[in-house]
Structure formats: C-alpha cells, structure tokens
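Only one structure is covered here, and it is reproduced in the block below.
Counting begins at 1 with the first residue of the sequence.
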Amino acid sequence: MTSALGRLPRSIHKLGMAGLVASRGATALEGPLKRTVTLGGVSVDLMSRDDALAVIREHAAGDAHVPLGVLSANLDHVNHFGTGSRWQGTLEIPPLQWLTLLDGAPLVAKAEKLTGHRWPRLAGSDLIGQILDDAAAQGRSVGFLGGSREAQQLAAARLEAERPSLRVAGWWAPPRQVLTDSAASMELCADIRAAGVDILVVCLGKPRQELWIGQHGELTGAKVLLAFGAVIDFLAGHVRRAPTRVSNLGLEWAWRLALEPRRLAKRYVVEGPEAFLKLHRHSADSASGATVGRTPEPASAALQGARAATNGFTPTDVHADVAALVVTYNNGADVCGLLESLRLQTRDQSIKVVIADNSPDPETLSRLTEFSGVVAFATGGNLGYAGGINAAYSKAGSADAYLVLNPDLRLCPGAILALRRSMESTGAGVVVPLLRDDDGSIYPSLRREPSISRALGDAVLGSRLQGRPGWLSEMDFDAESYAHAHKVDWATGAALLIRADIVEQVGGWDESYFLYSEETDYLHRVRDLKSAVWFEPAAAMVHSRGASGSSPSLDALMGANRIRYVRKFHHGSYARAFRAAVVLSALLRAPLPAHWGILGLIARESRWADLPHAVAHPGRPEQDEEEFPSGVVIIPAHNEASVLGRTLEALKAPMASGNVDVVVACNGCTDGTEAVAGSVSGVRVVCVEEASKTAALNAGDQAVNRWPRLYVDADIEVPAAALRATLSALSDDNGPLCARPAFTYDTAGASWTVRAYYRARNRLPQASASMWGAGIYGLNRKGHERLGEFPSVTADDCYIDRLFAASEKETIACQPVTVRTPRTGRALLATLKRVYRGNGELRDVPGAHAGRTVWQLAHSIKGTGSAMDAIVYAAFALAGRAAQRRKDPAWERDDSSRNYELQPGGEGCG
C-alpha cells in the first residue's frame, strides 16, 4: 500500500515538522551531544532531537546485523522496567539494539540535575511525523502494528491523503491472545517479514510493546522497531495532545488523565507515585560518551547453532554441556517418558543423566536398565528432594550447567537448548522453563519472595482474585508473565538449569526441608550472590505432576517449611508475624475435608517431628559402586539409650561395606546403653566404669588399629555421604590432619530466643571454620600423634580445634550433619554453662578466641534483625559465663533435644 501525508491536519500537524516541535519548550543544548544516565534503574540515552532522528534514519537505511528498537522512557516505563520491577533487565538481552529516549517531565528534571544540562523530551508522538517524512524521502516502507481497526483505518486514510510518497507496507491489529502466544506471534512476524517492512511502528502500550519487540522483533525483518504507544491514535485524531503550556509545566499527565480517567487512573494515580520514588532512589549519571543504542554481546558460537548429533547420553566421567539430575520415588511409570524426551535433546548438545532413587523397592531402577548411559542408583532411603539432588550431583561429574528435573516432566523439542541460549545471553545463574499441564494449559510456576503481606493475601484469598497486586500473592497468576522472558524471584523446582559456577558457590541444597521450600531456599542463596533467576518461555516442558502427592501431613509440611524458611532469612518478629499468617491460612481452611489435622500439625511445633522427614529403608543399603574408605567411628556414650539406636542405624551401610569399624565406648552407663549398642551387628562395645567422655575416647582408641578415626557424639546421625567425604579427606596424604563434615542447626520447635542465638552463631565465621559445634570431628594418624591421649577436659572438641593451625584442619563441603539445638532457653543456658566451664579449663591452651568472638559478633550486625540476634547471643553468653562460675556438681546435658523426635545435636565452644 502506497499512501500520502502531504499536509497534516491541525490536530497532528505539529507532530511532523522538525522546526516546530524541536524540544517541546526545552532550551538549547549545551555541552555533550550524547550521554547515558540511569533513571529509576533504566538506562536512558540523552541526545538532541536531531541526533535521535539521525540514529533512526541511519539504521533504517543501513545493513545492520541487528535491528534497532526505539522507546521513550517516562514514569510508566520506570514502573514497568525500573529497579525492582517485574520486567527489569528484560530489554538488555540480544538480539536487539535499543535506543531509549528521554520522555516525561520528572525524568527530564532528574536528567538535568544529574548532568547539569537541559535535555529535550523525545516522545514518540513528537518524533513520528519527521520519521515518516524521512522514510518517504528515502523510499523506506513503514508498517503499523497495534491500535484498533477503526483507528488504523482513520490513520491510513489520512496518511494516504496527506503523504503520497510514503510506502505503507501493511497494518496489523492482532488480538491479545496472538501477542501472548509464541507460535501465533511467530506467524505474525512471518507476515510482517513477507510484507517487506523497513520501519515497524508498534503501538501495543507499555510494557507489551517493548516485551513483544524484545522477544519477536528480529523475526519481523524490520530494521527499526518503534515502541510508540498511542501514536496510531494520535495519527487517527482520536487523542488530542496537551497544549504546549500544559506540557511545559510538566502536567501533560494530568491532561491525559482528564481525557481518559478510567483507562489511565491506575497508571498515574496508583503506579505513578511508586515510579516517582524509584526515579529519585535509583538514578545516577553514567560515564559520558557511553555508546548510544547498546548492543548486547551475542551468544557464543557453541550456542548459535546445533551441535553435532549424538543421539545418546554422555558418560559421567566425560565433561558435558548439561548434567541432568533427577530424583525419583516410585516413579517407574513416569521417568521413562522423561528419559525418552531427554534423549531427543542430545541431538543439540551433550547430556549426561544421573538418577537418585529414593524408592523403598527396586521397581523404579529395574525400569531404567533399557536406557544405556544413564547412571541410576538407590540412595538407601528416602532422603527427600534436596537430599536426592545432592546425592545425584555427587556422581554427576563436570558439566557447563546442571539441570534439575522432576521425573514426571516431558521436554518439548529444543527446550534445553533454549534454556542454555537464555543463560548465555542474559548471564543468569539459573534459568527456568515454561511449564504446561497435560491439557496444554500453562501451569503457574513463577513465585514471588515470601512475605507477610503475600502470606496474608494467600491465606484470605487463596487462588481467587488472581489479578490482585503482587504484594498480596506469592504465586504469579498474570498471563503476561508467562508470555515473556524476565527475571523472577523463584520458581517451582520441577525444572531448573543452574550454571556450574553457581552450583559451586551456592553449595548443597538444604536437606532440612526434606520436601517443599528447598528450591525457595536455594534460589534465595543464588540471588544473594547477585546472580539472576531468569524465566524463559521459549523453553517449554509438560508437567504431569504425577510425582506430586497430597495428604494432611504433606500439606502441613509445606506450611511448616515456609515458616522455617522465613526464620532462616528474617529476624524473629518478622518470622512470628509470618507464622501467624500461615496458621491463619490453615485455620480458615480447617472446616474443609481433611484440613483440620493440618491446622494441628502446623500450629503445634512440638508435632513437627511427626511430619515426613528423611528415613533409611530397612534392609536396603545405599547402592554405590564407590566403596567406603577405611576408617573407624568411635562413639562415647553415657546413658544414651534413647538416641543411640538411631545413630547406629545410620552407620549400618558403612559397616556392611567391611571398611568401617564402629566402636561404642560406654562410660558409667546405667540405662541399658550397652544393650542397645550390642544389639546392632558389627558394633564393638567397650565399657569404662568412670562417667568420663575423654576416658571413653581413649578406651575407643585402644580398641582399634585402623585410621583415620571419627569421634561422634551418641546423639548425632551421620549421613553416609558425610562419613565417606570426611574419611576420604583424612586419608589423603596431602590433606588435613583434622577434619569434620559440614553441619546445619535445626531449631524447629525451639523458643524464639534459642533461634535468635543460633542465627547469630551462624553468622560467626569461626562457627563454620572450627572443629567444635558439630558433635563430630576426625583425626588421621599424623594428627593423632600430635594429640597423644585425650586429656581430662570437658570440651574435647575445643581442645582438638586449638591443637591445629587453620591450614591443618578442614571443614568438608558435603551433605551436612544436622545438629538439633536445645528447645528452651533454660536448656541452652545449661549447655552453655558446661561449654564455658570447658573453655575455662583450656585457658592455657593456645588459640583462645573469646575476644575474636566479640569482634566477629559486632561485625555480623547488618540491620535491626541481626542486631537483635546479636543481643540475644551476647545475653546468653554472659549468663552462661556467670552460671559456670557457680560450683554445681550436676552434669548439664540438654535433654530437650534428645526427647524431641527429630535428629538431635551437639554443642561446642561459645
């Protein structure tokens, strides 16, 4: 279609002539002609009107390899794309080059304040006339996307009548469902490309027009894409521009609001103030002379095209592009379908697959024998999702990225390659795909960071009113969010592609959650590294949710883990308010069938021990081609009959290997501890009449000949992976002399003061680097030679810690030992009394660190919450030191954690 626009009607005449609307009232420019600033978190290119038109004209006429996207940044743009916004960073990825022009009085004023120069407003409605003039003069074709059919017809008639030399290639007014559907958008792009459009004017409104251009613009074949909002309505005469005087006063927004109050009230009245605050909080002057029209780096050559087809899985001892980690639990019927879809993906990249089976029987593993190249093994128990991922990762070997997958997924063609390309182009640490249900509908997998307001919104409204504000819902129901790639807080853990370096920095998944919230925790730690979690809709997977179950105990575990998560990352008062919201949710749903039991389980933390947790499968040891290193576990036990059985149960698999000896040194027992130890096959029992831990340790040493040796408290359950890793480190001739596995504190059911104490303690560097506090440490032969015999001291782990320099001891990064803390402040105080008495006995041993603890505690304070935790820590420390000075022959042992039906724990130097 060829149309004309010779003389514009009066209502839009001033849109086109360069001399009439040069700057909408701005003064002449001084200083640099081009500059880049950050306004509200958005990078904006400052330039004159003529310079902006020149950039657009050159791209329309040139042979640039990437198209130019042009937009005008105003407060509405800051609202959608500025700091903290849902679409922040989405326009910074290939393949487009963006030119972001200054628009809106508040942004103009902020830019002038930052740079000392007055810059002109460059709204799309101000530029479109001259752009059309230039296109007509150069013989460039123009297309229009967006607006109503009526507006397009009016605009077309005026253009044809008044600019006869302008070539209009076409008009497109697709319905919204086409724009939010990737396949339909690609067909639309093909139509536009076939029409031969040089300049495409996209009038879909913010943020849809920018998002659509960013995702599909390159496919249109257009050299320049103009995100110009309501320009079609301006060309059609539907919308009147504000008078120049109103515009110069910065009140054009009020003019438009008065004309269209229903449509624009939310933008200007609700969202405007928040965007204004962002503008003043997150603006800065960038380096002068920054390149205008920034072009992101292209994807690496390895991802620009498909790799040579392999049609098979890569062995785990060979480096691969992707290592897929799958955790199964009675998923034999599901996992085969997943592997079939995974195998098709090997045509584009090398993929290795490791499956950790938590099932109680071998049925799932038996179904996997037909899949050559897949490493599948039994974990020996139901370790939970996090534990299974950690186990699979330990056997996966090296890869560029690790893909965590649910067994009930089916990968659509090209899904993994799309995830990798997104990771390459955005630099994200984690990329998540679009998930669909079996019926093809989109599964709302995207989530926002848990907060009190979101917990209350979900408690009261549930899945109703899905269009409510984001601060009232943790789940993102907005269909627009699933149509475009963008940064997210977190997403369901069904499918996550994680960069290899991020895996190393974040460390293992937190197994204390067992099921639910483990991905929330993991992705929180990813964001703490200043790395992004990115959603990529081009990567699609079908989620059957066959592995998803529901029961009162599982639903209660979900609620309990949400509380645990918030306690881990927030201060006490915040966590208490969040807990109240979770309990309220359970209370409101209690009248529903099967929900009353959920309320009781969540509200009474003493019952959290009854919730699902990691267990070993009787008679099914861990299947592992790697044998346990040789070594000894020595367990001193004084009246530990109530907990010793669980500790020994965790050691059955290592004992069954024949490489690990277990010795229980009973000292002064009167409760049948010897009988419990003797009932476990393979355990050697030695008895010491004196109720002395160090005497028991020495007796254990005398009973064995093997090295290295691990000394384990009777109330500590040691995961097989932790035992193996620690023995391996101590067996290395070039390794440490003293070592212990990583550990985590489990404060479930503890009072708020106890939780505050251990949060503060977790922030102390010495807590993670020292040998005390985990209830387990080990020595090799050379390290034990320095020790000789254990002296008669209370704090044996502190004594060991001070015998070795930092370079001679090591905390092993492995599946952590879980340490159950005291439940009450009184129990904690009793424990600290013994700890500080033990510290007092070690005054003459080098390495005392009371002063260092005070210094580290002070430097751990980062805000109000951490300050309160530090105060609680200091209060307990002072009370414990005061109590230990009082002469009291009683043995202070924490029985509150031993009587709690979860993994118990130890203590150490404070």
Side-chain angles (χ1 to χ4, degrees), residues 41-42 67 69-71 73 76-98 100 145-146 174-189 192 200 202-220 222 225-227 229 271 296 299 412 414-415 418-428 430-436 441-448 466-467 470 475-492 495 497 532-541:
V42 174
V70 183
L71 62 89
D76 191 37
H77 189 80
V78 170
N79 173 62
H80 290 296
F81 295 95
T83 300
S85 302
R86 174 170 36 167
W87 307 115
Q88 180 185 4
T90 55
L91 305 183
E92 299 172 4
I93 58 176
L96 256 70
Q97 180 178 356
W98 283 98
T100 303
L145 171 64
R176 181 172 179 176
Q177 55 265 33
V178 169
L179 299 171
T180 57
D181 182 86
S182 181
S185 285
M186 292 180 70
E187 292 181 9
L188 173 62
C189 291
I192 297 172
L200 182 65
V202 184
C203 302
L204 303 174
K206 290 184 183 293
R208 189 175 300 117
Q209 60 193 14
E210 288 86 1
L211 296 172
W212 192 89
I213 290 173
Q215 186 171 353
H216 302 289
E218 184 187 33
L219 302 177
T220 65
L225 298 101
L226 308 174
E271 299 172 340
C412 298
L419 290 174
R420 294 179 60 220
R421 282 175 171 159
S422 179
M423 179 172 285
E424 180 84 6
S425 62
T426 64
V430 178
V431 184
V432 301
L434 175 72
L435 298 183
R436 295 187 180 275
S441 61
I442 293 176
Y443 171 65
S445 59
L446 304 183
R447 304 289 190 270
R448 304 180 181 95
Q466 295 184 356
M475 187 176 292
D476 189 346
F477 293 105
D478 191 346
E480 200 84 53
S481 294
Y482 297 88
H484 305 285
H486 64 287
K487 196 182 299 183
V488 299
D489 288 344
W490 65 283
T492 177
L497 183 69
V533 181
W534 201 264
F535 168 68
E536 178 49 66
M541 303 183 187

Rounded at 0.5 Å granularity, tell me how far [atom1] in [X] sits from [atom2] in [Y].
X      : Y      : atom1 : atom2 : value
Tyr482 : Leu435 : OH    : CG    : 9.0 Å
Leu446 : Trp490 : CG    : CH2   : 10.0 Å
His486 : Glu536 : NE2   : CD    : 11.0 Å
Met186 : Leu219 : CE    : CG    : 5.5 Å
Arg208 : His484 : CZ    : NE2   : 7.0 Å
Leu145 : Ile213 : CG    : CD1   : 8.0 Å

For [X] versus [Y], what's the shortest heavy-atom pair and its separation?
X      : Y      : answer
Ala483 : Thr180 : CB-O, 3.6 Å
Gly89  : Trp534 : O-CH2, 3.5 Å
Gln209 : Val202 : OE1-O, 3.3 Å
Ala495 : Pro433 : O-CD, 3.3 Å
Leu91  : His77  : CD1-CE1, 4.2 Å
Ala485 : Gln215 : N-OE1, 4.4 Å

Partners meeting salt bridge (Lys or Arg N to Asp or Glu O under 4.0 Å) with Glu210 (sequence neighbours left out): Lys206

Under a 3.5 Å distance rule, please check whether Thr220 uses its side chain to pair with a backbone N or O of Gly217 as donor and acceptor. yes

Donor-acceptor check, side chain of Thr100 to backbone of Leu71, threshold 3.5 angstrom: yes or no? no

Using a 4.5 Å cut-off on heavy atoms from C-beta on, say whether the side chain of Pro175 contacts that of Val178. yes

Do Phe81 and Thr90 have side-chain heavy atoms sitting under 4.5 Å apart? yes

List the residues meeting side-chain contact (heavy atoms from CB on, under 4.5 Å) with Asp478, not counting sequence neighbours, and say none if there are none. Arg86, Asp476, Glu480, Ser481

Trp212: partners by ring pair (Phe, Tyr, Trp, His ring centres under 6.0 Å), with sequence neighbours left out: His216

After noting the C-alpha distance and the side-chain angles of Met475 and Arg447, does the key distance pass the side chain to side chain contact (heavy atoms under 4.5 Å, CB included) rule? CA-CA 5 Å; Met475 187 176 292; Arg447 304 289 190 270; 3.4 Å; yes

